[in-house]
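Supplied in structure tokens, the structure appears directly below.
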Amino acid sequence: MTTLAILNARLLDPASDYDGPGGVLIENGRIVRVVHGASPIDADQVIDADGHCLAPGLIDIRVKTGEPGAEPKETLKSASLAAAAGGVTTIVVQPDTDPAVDDPAMVDFIQRRGAALNLVNVRAAGAATKALDGQRMAEIGLMDEAGALYFTDGDKVIVNSRTLQRVMSYAAAFNALIACRPADPWLTEGSVAASGELATRLGLSGSPAIAERIGLERDLALVEQTGARFLVDQISTEGALETLARARAKGLEVAVSVSINHLCFNEVDIGDYRTFYRLDPPLRSETDRQALIEAVREGLIDVITSAHAPAPAEDKRRPFAEAAPGAVGLETLLSAALTLHHEDGLDLLDVLRPLTQGPAALLGLDAGVLAEGAPADLVLFDPGAPVIVDADRLRSKSKNSPFDGRRLQGKVIGTWVAGRKVF
């Protein structure tokens, strides 16, 4: 087997808290040696990192595609190309396809199709209920055996508490992870923006912050009753963070994710009805955004996701209330996350932890670390290099990026998956 060494790098490994000079030796798709300092490594091929940052590849656990059923929005190939360009080496595809990923055959299809592309690691999240209808429990056990990493109805709240209780109880029997969006469906029905002065002035139906807290209180009560492993999907408000902290203090096994959009933007960014900022959950106040950033700093946030949700121009260039929610984010995830370092003063390891080690630990993946025996899923990047986002040049088929035209810092130089250079 040929060997590859990446030397003269700034190693960033959140799992070991190492931030310093070093290099890695790769053989047969895995890291066989990690060197801290300037020690030489003999290899068949040597790459000089020139002092740039070498970190575990990013793991994005919330990626929507259009395949199968809506390929003009996004295919698994275009999503994988975008991921590789963004330093993302593993994506977890959401189950809201057509047909939905609600049985083991669909899980197998997604993962076989991803493997055939030979780009990034493609895994599937299974539906919690059949056809995402919120009523009939899906084949969670069989999908778990087929390789589904967790179970969720995605953007849809499971309104029926008895159904969610059954889903959690069944999943708890074999330690499967359930993810839910926290929201009170009656308070959020028809809403397109965060409740407040801005939404009122713009004439937009608002979603009050308390709706997220109410939904989370219900979900956490069911977690306490069933003992299920639980992921709070895309938290967005300060009040919900306080509820989460209390639940953890009681000993509940609860993880939480946040989208990069809610860390980088606030409600003011929707401006004069800019539909690329039409998201679900909606962008919140600056107070909420700062609270989320502090939660990342303090380690309360386990996972940062791109919340990649492609939508073609005909679905976005409509009146704000009628536009499809969501934004693409795979290719901009790393550079956007680095704004937390450049603008908010977070340590690079604290930024990378919920993008690498955090999701890997949550999902039980053999990834997210720079260690001997770990997969050689790596990203090499220059954290200070300027980047101007041009949505038209993104590799996603849909171009609905809220970062379009924005100046960021952090450029991906190379991405490796199992030792293969994919970007």
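Sequence positions, counted from 1, serve as the residue numbers for this chain. As a basis for the values below, the full set of heavy atoms in this structure was taken, side chains included, without hydrogen atoms, waters or symmetry mates.
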query = Between the side chain of Asp13 and the main-chain N/O of Leu370, is any donor-acceptor distance below 3.5 Å?
reply = yes
ask   = Looking only at atom types and distance, does a side-chain atom of Glu331 sit under 3.5 Å from a main-chain N or O of Arg395, one as donor and one as acceptor?
value = yes
Value rounded to 0.5 Å, distance of CD in Gln409 from NE2 in His342 = 4.5 Å
query = Only one of His262, Arg289, Glu212 clears side chain to side chain donor-acceptor pair (under 3.5 Å) with Ser236; which?
reply = Glu212
request  = May I ask you to decide whether Asp155 forms a salt bridge with Arg62, counting only side-chain N to carboxylate O separations under 4.0 Å?
outcome  =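 Salt bridge flag = yes for Arg62 with Asp155.
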Arg30/Asp366 under salt bridge (Lys or Arg N to Asp or Glu O under 4.0 Å): CA gap, chis, key distance, verdict = CA-CA 11 Å; Arg30 292 193 171 264; Asp366 177 25; 2.9 Å; yes
ask   = Side-chain contact, heavy-atom cut-off 4.5 Å: Thr65 with Lys397?
value =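 Counting from C-beta outward, Thr65 and Lys397 never come under 4.5 Å.
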ask   = Just by modelled atom types, is the Gly329 backbone N or O under 3.5 Å from a matching donor or acceptor in the Ser306 side chain?
value = no
ask   = Have Gln165 and Thr226 got a donor and an acceptor in their side chains that come within less than 3.5 Å?
value =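 There is no such pair between these side chains.
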message = Is it the case that over 12 heavy atoms from other parts of the model lie below 6.0 angstrom from the CD atom of Glu189?
response =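 No, not enclosed.
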Check: Ser161/Arg218 side-chain N/O donor and acceptor closer than 3.5 Å =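 Arg218 and Ser161 do have a side-chain donor-acceptor pair below 3.5 Å.
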request  = For residues Leu187 and Ser207, determine if any side-chain heavy atom of one lies less than 4.5 Å from a side-chain heavy atom of the other.
outcome  =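 Side-chain contact under 4.5 Å: no.
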ask   = Sub-3.5 Å donor-acceptor pair from the side chain of Asp377 to the main-chain atoms of Gly57, do we have one?
value = no
query = Does a sphere of radius 6.0 Å around NZ in Lys411 hold more than 12 heavy atoms from other residues, nucleotides or ligands, not counting ones at 6.0 Å or beyond?
reply =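 At most 12 heavy atoms, drawn from other residues, nucleotides or ligands, come within 6.0 Å of this atom.
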message = Using a 3.5 Å distance criterion without hydrogens, assess whether the side chain of Thr152 forms a donor-acceptor pair with backbone atoms of Ala179.
response =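 Looks like yes, one N/O pair under 3.5 Å.
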key: Test side-chain contact (heavy atoms from CB on, under 4.5 Å) applied to Thr305 and Leu58, Val258, Ile61, the passing residue   =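 It is Ile61; the other options fail the test.
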inquiry  = For Phe403 and Phe265, take the angle between the two ring planes, folded into 0 to 90°, and tell me which bin it lands in: parallel under 30, tilted 30 to 60, perpendicular over 60.
reply    = tilted
message = A side-chain contact here means heavy atoms from C-beta on lying under 4.5 Å apart; do Leu348 and Leu338 qualify?
response = yes
ask   = So Trp416 and Ile47, side chain to side chain contact (heavy atoms under 4.5 Å, CB included) or not? Walk me through it.
value = CA-CA 12 Å; Trp416 290 262; Ile47 295 174; 3.6 Å; yes
Distance, nearest 0.5 Å, that separates CD of Glu267 from CD of Glu286 = 9.5 Å
message = Between Glu139 and Asp102, does the side chain to side chain contact (heavy atoms under 4.5 Å, CB included) criterion hold? Intermediate values first, please.
response = CA-CA 7 Å; Glu139 299 173 1; Asp102 60 2; over 6 Å; no
Gln290 and Glu294: side chain donor to acceptor below 3.5 Å =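 No - no donor-acceptor pair under 3.5 Å links their side chains.
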inquiry  = Let's go through Thr129 and Asn160 carefully: what are the C-alpha distance in whole Å and the side-chain angles of both, what is the deciding distance for side chain to side chain contact (heavy atoms under 4.5 Å, CB included) to 0.1 Å, and is it a yes or a no?
reply    = CA-CA 11 Å; Thr129 64; Asn160 189 318; over 6 Å; no
request  = May I have the step-by-step check of side-chain hydrogen bond (donor to acceptor under 3.5 Å, both in side chains) for Arg284 and Thr237, ending in yes or no?
outcome  = CA-CA 7 Å; Arg284 302 291 185 177; Thr237 63; 5.8 Å; no
message = Strictly distance-based, threshold 3.5 Å: is any side-chain N or O of Tyr277 a donor or acceptor partner for the main-chain N or O of Gly271?
response =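 A pair under 3.5 Å: no.
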inquiry  = So for atom CD, which belongs to Glu197, do other residues, nucleotides or ligands contribute more than 12 heavy atoms lying within a distance under 6.0 Å?
reply    = no
ask   = So, Thr75 versus Ser78: side-chain donor-acceptor pair below 3.5 Å or not?
value = yes
query = So do the side chains of Val93 and Val101 get within less than 4.5 Å of each other, counting heavy atoms only?
reply = no
inquiry  = I need the Asp108 CG to Asp103 CG distance, nearest 0.5 Å.
reply    = 10.0 Å
query = Any sub-3.5 Å donor-acceptor pair from Ser396's side-chain atoms to Lys399's backbone N or O?
reply =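 Absent.
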query = Is there a donor-acceptor pair closer than 3.5 Å between any side-chain N or O of Arg113 and the backbone N or O of Pro68?
reply = no
ask   = In Å and rounded to the nearest 0.5 Å, what is the CE to CZ distance from Met168 to Arg229?
value =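 These two atoms lie 12.5 Å from each other.
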ask   = Taking Asp60 for the side chain and Val63 for the main chain, is one N or O donor matched with an acceptor at less than 3.5 Å?
value = no
inquiry  = Tell me the closest heavy-atom pair linking Thr287 and Glu238, and the distance in Å.
reply    =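 Distance-wise, the nearest heavy atoms are CG2-OE1, 3.4 Å.
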ask   = Would Leu81 and Leu119 satisfy side chain to side chain contact (heavy atoms under 4.5 Å, CB included), going step by step from the backbone distance to the final call?
value = CA-CA 7 Å; Leu81 289 169; Leu119 290 166; 3.9 Å; yes
CG on Leu149 to CE on Met143, rounded to 0.5 Å = 12.0 Å
task = Kindly compute the distance separating CG (Leu292) from CG (Leu263), expressed to the nearest 0.5 Å.
result =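 Taking CG in Leu292 and CG in Leu263, the distance rounds to 6.0 Å.
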query = Under a 4.5 Å cut-off applied to non-hydrogen side-chain atoms, are Ser16 and Val369 in contact?
reply =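 No. Closest side-chain heavy atoms not under 4.5 Å.
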query = Can we say Glu217 and Arg246 salt-bridge, meaning some charged N sits less than 4.0 Å from an Asp/Glu carboxylate O?
reply = yes
query = With distance as the sole test, does Arg407 use its side chain to make a donor-acceptor pair with the main-chain N or O of Pro386 at under 3.5 Å?
reply = no
query = Quick one: do Lys64 and Glu74 make a salt bridge, cutoff under 4.0 Å?
reply = no
ask   = Can we say Arg181 and Asp96 salt-bridge, meaning some charged N sits less than 4.0 Å from an Asp/Glu carboxylate O?
value =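 Salt bridge flag = no for Asp96 with Arg181.
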inquiry  = Using every non-hydrogen atom in the two residues, find where Leu117 and Ser80 come nearest and quote the distance to one decimal.
reply    =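 Closest heavy-atom pair between Leu117 and Ser80: CD1-OG, 4.0 Å.
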inquiry  = Contact between Leu334 and Leu352 at the side-chain level, heavy atoms closer than 4.5 Å - yes or no?
reply    = yes
Which atom of Gly23 lies closest to which atom of Leu11, heavy atoms considered =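 Smallest heavy-atom distance, with atoms named: N-CD1, 3.7 Å.
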message = I need the minimum non-hydrogen distance between Asn8 and Ala49, along with the two atoms involved.
response =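 Closest approach of Asn8 to Ala49: O-CB, 3.6 Å.
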task = Give a yes or no on whether Lys316 atom NZ has more than 12 heavy-atom contacts from other residues, nucleotides or ligands under 6.0 Å away.
result = yes
request  = Using a 4.5 Å cut-off on heavy atoms from C-beta on, say whether the side chain of Ile31 contacts that of Leu378.
outcome  = yes
ask   = Which heavy-atom pair separates Val296 from Asp350 by the least distance, and what is that distance?
value =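 What the structure gives for the nearest pair is CG1-O, 4.0 Å.
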Minimum-distance pair of heavy atoms, taken over all atoms of Val120 and Val88 = CG1-O, 3.3 Å
inquiry  = Counting C-beta onward and ignoring hydrogens, is there a side-chain heavy-atom pair between Val422 and Thr89 closer than 4.5 Å?
reply    =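 No - every pair of side-chain heavy atoms lies 4.5 Å or more apart.
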